[in-house]
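Because the structure is predicted, anything quoted here is derived from the model rather than measured. The figures here come from the full heavy-atom set of this structure, side chains too, leaving out hydrogens, waters and symmetry mates.
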Amino acid sequence: FFFSSRRRHTRLQGDWSSDVCSSDLRDEVTWQKLADVAVGVPTAAGGEFLASFLSGSAAQPARAAEFLTHSARHLSMDRLASLYETALSWKDRLDEGQQVAALRGIQQGLQSRQIKLPSALSDWSVDLAKRLLSEGNDDRLRVAADLARDFRVTSLAPRLAELVADSKRSIPVRQQSLDALNVLDASRAGEVLETVIARGTEPLPLRQRAAELLGGQATPEARAALVRLLPEVPDPVGVAIARALTTGKEGARQLLEAVAAGKGSSRLIQDIIVGERIKGHNEPALNESFSGLLADLPSEDEIGRAHV
């Protein structure tokens, strides 16, 4: 029983999966070909077949995540509990990368149906993230940080803060740890972000990312911290702070006030992105202040003559 034409696959009607599953098909290759067909059939029947297929001996770890994703997206509601049990039965047969893919796939499939991930699978994601974060190379740590962020593993916030502070780690590991920490614990992240921005020994990309994240919190405390740090940082970080502040009207106002008071370099408002964001708020008072500050800046010719 095998459909060789994709055009014919789309015509499959009814509970064909149960017919297939009840058939006496002992050839694993045939079962695998049927699974290739089912993954292209976006119906409950297709999900049912793949859920059954994953319970058999023909399924291979390399395709488990793909088939679990399809079943989570299309399987009928009353069969989801069984799918969760099937997924857990694969836990010890998948390597760490395959486990991450399986969990992500199930989560995405359920999210498309506005269904919450069950506690048993959430526990699996917590255990996996903890294991990946406990030790290992940068690749494992980056995967773990993203996993902790996406599955809201709040208990790992302290470990993520440690990774951010570890100057021996690569910039990507520290950036992704910052991203995850900011999602999991904004209060703790605020303190860490301020420290990273202020510390002159930190790599510029990390300080710039920290400014972006702190600005993204969009709280009075975050804006106040960015304005306070503005006079202390080099221009590349200052531009990142200016861009972060100008994502909102209040932040844009505070930036312009800081520049007018000499607490920030006037070059910051010459940044194209900063200028476009200020004008994009369509606030007359902001535009007037912005135009006035720009008018007070020396022209390029004046700067050139001063250098001569």
Side-chain angles (χ1 to χ4, degrees), residues 32 35-36 38-44 46-55 59-77 79-157 159-160 163 170 172-185 189 209 213 216:
Q32 290 164 1
D36 287 339
V39 80
V41 181
T43 65
E48 177 68 32
F49 175 84
L50 289 174
S52 298
F53 176 74
L54 286 166
S55 300
Q60 299 297 317
R63 302 290 302 279
E66 181 183 4
F67 297 156
L68 285 167
T69 301
H70 188 279
S71 294
R73 190 178 297 273
H74 299 292
L75 195 63
S76 60
M77 291 287 293
R79 296 286 295 142
L80 284 176
S82 175
L83 177 67
Y84 303 152
E85 293 178 4
T86 298
L88 289 170
S89 73
W90 276 90
K91 181 178 178 181
D92 295 331
R93 288 184 278 173
L94 302 176
D95 63 32
E96 290 173 341
Q98 291 168 338
Q99 289 184 52
V100 170
L103 285 166
R104 287 195 186 285
I106 295 170
Q107 183 190 49
Q108 290 168 4
L110 294 178
Q111 283 180 339
S112 70
R113 305 170 67 175
Q114 297 184 328
I115 299 174
K116 185 179 179 181
L117 194 72
S119 59
L121 296 185
S122 292
D123 291 343
W124 178 6
S125 71
V126 171
D127 292 342
L128 180 57
K130 285 181 177 179
R131 187 163 69 250
L132 290 170
L133 274 178
S134 64
E135 57 180 334
N137 58 32
D138 283 359
D139 289 339
R140 285 165 57 92
L141 292 174
R142 292 175 65 185
V143 170
D146 287 348
L147 192 67
R149 178 198 63 205
D150 295 342
F151 285 83
R152 300 298 191 269
V153 188
T154 56
S155 61
L156 291 178
R159 173 57 178 152
L160 291 166
L163 287 173
S170 68
V173 167
R174 300 178 72 193
Q175 283 184 333
Q176 286 174 243
S177 297
L178 266 180
D179 289 348
L181 180 62
N182 191 54
V183 170
L184 299 178
D185 189 342
R209 180 58 178 163
L213 292 174

Going by atom type alone, with no hydrogens or angles, which donor-acceptor pairs under 3.5 Å involve a side-chain atom of residues 110-123 and a protein atom two or more places apart or on another chain?
unit_1 : atom_1 : unit_2 : atom_2 : d
S112   : OG     : R73    : NH1    : 3.3
S112   : OG     : G109   : O      : 2.6
R113   : NH1    : A72    : O      : 3.0
R113   : NH1    : L75    : O      : 2.7
R113   : NH2    : L75    : O      : 2.8
S122   : OG     : P118   : O      : 3.3

Legend entry - Side-chain heavy atoms of F151 within contact of V126, under 4.5 Å: no
Inset, instruction - State, yes or no, whether a side-chain contact exists between V153 and L147 at a heavy-atom distance under 4.5 Å. - result: no
Inset, instruction - First locate atom CG of L83, then atom NE2 of H70, and finally report the distance between them rounded to the nearest 0.5 Å. - result: 12.0 Å
Legend entry - Side-chain heavy atoms of L163 within contact of L181, under 4.5 Å: no
Inset, instruction - Grab the two heavy atoms, one from T86 and one from A51, that are nearest each other, plus how far apart they are. - result: CG2-O, 4.3 Å
Inset, instruction - Report the relative orientation of the aromatic rings in F49 and F53; use parallel for angles under 30°, tilted for 30 to 60°, perpendicular for over 60°. - result: parallel
Inset, instruction - Check the surroundings of atom NZ in K91: do more than 12 heavy atoms from other residues, nucleotides or ligands lie under 6.0 Å from it? - result: yes
Inset, instruction - Could you tell me which residues satisfy salt bridge (Lys or Arg N to Asp or Glu O under 4.0 Å) with D138, sequence neighbours excluded, listed by chain and number? - result: R169
Legend entry - Non-hydrogen atoms of A129 and A148 that approach each other most closely: CB-N, 4.4 Å
Legend entry - Partner residues of A64 under the side-chain contact (heavy atoms from CB on, under 4.5 Å) criterion, sequence neighbours left out: L54, W90, L94
Inset, instruction - Using a 4.5 Å cut-off on heavy atoms from C-beta on, say whether the side chain of E66 contacts that of T69. - result: no
Legend entry - Spacing of L160 atom CG and N182 atom CG [to the nearest 0.5 Å]: 11.5 Å
Inset, instruction - Taking all non-hydrogen atoms of both residues into account, name the closest pair between L132 and E96 and its distance. - result: CD2-OE1, 3.4 Å
Legend entry - R63 side chain near Q32 side chain, heavy-atom distance below 4.5 Å: no
Legend entry - For the student: nearest non-hydrogen atoms of L133 and A145, plus distance: CD2-N, 4.5 Å
Inset, instruction - Return the set of residues passing side-chain hydrogen bond (donor to acceptor under 3.5 Å, both in side chains) with W124 (not counting sequence neighbours), or none when no residue passes. - result: Q99
Inset, instruction - Return each pair, listed once, that meets salt bridge (charged side-chain N to carboxylate O under 4.0 Å, His left out) where at least one residue sits in residues 144-154; pairs must be two or more places apart or across chains. - result: R104-D150, D146-R149
Inset, instruction - Identify the heavy atoms of A38 and G46 that sit nearest to each other, and give their distance. - result: CB-O, 4.0 Å
Inset, instruction - State which residue, out of D139, L141, N137, fulfils the side chain to side chain contact (heavy atoms under 4.5 Å, CB included) condition with V173. - result: L141
Legend entry - CD-CD1 distance between Q108 and I106, expressed to the nearest 0.5 angstrom: 10.5 Å
Inset, instruction - Answer yes or no: is there a side-chain heavy-atom contact under 4.5 Å between D185 and T154? - result: no
Inset, instruction - Specify the closest pair of heavy atoms between Q98 and R93, including all atoms of both residues, with the distance to one decimal. - result: OE1-O, 4.3 Å
Legend entry - Atom pair OH (Y84) and CG (L68), whose distance is rounded to the nearest 0.5 Å: 11.5 Å
Inset, instruction - Check side-chain hydrogen bond (donor to acceptor under 3.5 Å, both in side chains) between R142 and all other residues, then give those that pass, not counting sequence neighbours. - result: Q176
Inset, instruction - Taking E85 for its side chain and S82 for its backbone only, find out whether a donor-acceptor pair lies under 3.5 Å. - result: no
